[in-house]
Peer 1: 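One structure follows; several queries about it will come next.
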Amino acid sequence: MSGRFAASVCSSFAAVLLPTLALAQESSPPTEAAMRYGKVKVADAQPFCWPSAVVSPPKFEDVLQQDQVVGIGRTEGTFVQVLLPLGPVGYVSKRFAKVEDDGTVRTDGTKVAFRYRTVTTEAPVAYLENGSELFVVGDQDEWWRARLPSVEAWLPQDQVAIGAPGDAELAAAWAKSKREYEEPVQQRLEEIRAGKQRAAQDKADGEALQLVEDAFQKELAKRPVSDQNFEGLVQALDKFEPTLAENSGVKPLVASLRKRIEMQKVIVEATAIVEEPPKPSSEPVLEPQPKDELERFQSIGFLRYESRLGGMGTYYLEKGGVRLHHITCATGRYDLALFVNCEIGVQGPSRSPAAASFRVMDVERLE
């Protein structure tokens with residue numbers, strides 16, 4: 001029993017679906033002069049793909065707002081065909097579409113499927129002829145998300161209030177809605193055109209910059225390095241850079257070349273300084289001072305003798321009336337008595353005895 005019921009349902013669905021697909025590819029929407037208009041009576045009305053309530057038919061992504069103006073097509077059963085300015089949103093595989101140079105997308109193949117979602121195991125909403133223009137509003141993976149006026153959309157009759165023929169207010173609202181539908185389509189095409197123009201301009205700017213790059217390489221090849229001159233290249237960049245667009249892809253290349261030129265200018269200047277012959281000094285030449293021959297002595301002064309009652313006297317070195325050291329000669333090499341009141345230079349170790357008020361120098365050499 002269940003098998004016979006399923007077969008009956010499928011047969012009913014096919015009886016409605018197949019004629020609809022055939023009409024979708026052969027019919028075309030009426031001209032705007034001959035169109036009737038209506039208003040959606042409910043909030044968030046979602047158009048059906050087919051005029052059938054047998055096995056609840058699928059719906060398009062479009063959500064129509066209450067009082068939104070739509071075109072009115074034919075009536076089938078309890079459904080009325082609603083015409084959207086560019087048709088409902090659906091999906092076409094990118095494998096069966098080609099993109100023109102201006103960004104326009106057209107079907108490429110016979111009976112190209114137009115689907116209400118990206119599922120290939122379901123029957124398509126319509127079959128499109130080869131070369132049909134798709135009004136692309138976006139893409140999703142391997143699918144174009146697009147509208148097509150020849151694709152039908154349906155609402156139950158009780159969700160649409162059909163206006164009087166020739167209603168100027170409804171026609172004006174339709175025209176406004178059409179501009180809103182066309183905006184994302186035109187925006188995409190404008191972005192593509194702008195991108196192509198920018199790419200063409202970048203190519204031309206890149207070729208102009210290459211001339212400066214070539215001139216830079218020729219300067220680098222000059223020898224000696226001091227013959228390299230980059231002032232002309234800097235001036236060329238100063239004139240060229242302001243002509244670039246704000247979003248030009250050549251701007252970073254100009255900045256890079258300018259930095260390389262500035263670095264090479266520094267190298268040329270440094271090389272010139274290194275290779276420049278030394279200039280004669282304007283400072284007076286100072287004669288070297290003769291070496292002080294007396295630096296070899298640890299101390300210099302007059303040798304004096306001081307006698308003591310009941311004991312041996314002491315020798316000391318005096319300079320400028322100041323007593324410097326007590327002098328001894330433990331080795332006996334010099335008879336200090338022979339040098340009393342003579343100016344002498346002495347060398348030898350010195351020490352500070354705890355009981356003495358002056359350091360004692362033991363002479364090892366005396367002159």
Peer 1: If you define the side chain from C-beta out and look only at heavy atoms, does anything of L155 sit under 4.5 Å from V70?
Peer 2: no

Peer 1: Identify which one of R145, Q46, R117 satisfies the side chain to side chain donor-acceptor pair (under 3.5 Å) criterion when paired with E61.
Peer 2: R145

Peer 1: State whether the side chain of R304 and the backbone N or O of R323 hold a donor-acceptor pair below 3.5 Å, judged by distance alone.
Peer 2: no

Peer 1: Say whether, by atom type as modelled, one donor and one acceptor occur between the side chain of E343 and the main chain of G301 under 3.5 angstrom.
Peer 2: no

Peer 1: Under 3.5 Å, is there a donor on one side chain and an acceptor on the other for Q187 and E183?
Peer 2: no

Peer 1: Below 4.0 angstrom, N of the basic side chain to O of the carboxylate: do E213 and R260 qualify?
Peer 2: yes

Peer 1: Determine the interplanar angle of the F48 and F79 rings, folded into 0 to 90°, and report it as parallel if under 30°, tilted if 30 to 60°, perpendicular if over 60°.
Peer 2: perpendicular

Peer 1: Is there a donor-acceptor pair closer than 3.5 Å between any side-chain N or O of D139 and the backbone N or O of W144?
Peer 2: no

Peer 1: Under 30°, 30 to 60°, or over 60°: which ring-plane class applies to F230 and F216, parallel, tilted or perpendicular?
Peer 2: tilted

Peer 1: Side chain of N229, backbone of E231: donor and acceptor closer than 3.5 Å?
Peer 2: yes

Peer 1: Does any part of the side chain of M361, heavy atoms only, come nearer than 4.5 Å to the side chain of L317, both counted from C-beta?
Peer 2: no

Peer 1: Say whether D362 and T328, considering side chains only, have a donor N or O and an acceptor N or O under 3.5 Å apart.
Peer 2: yes

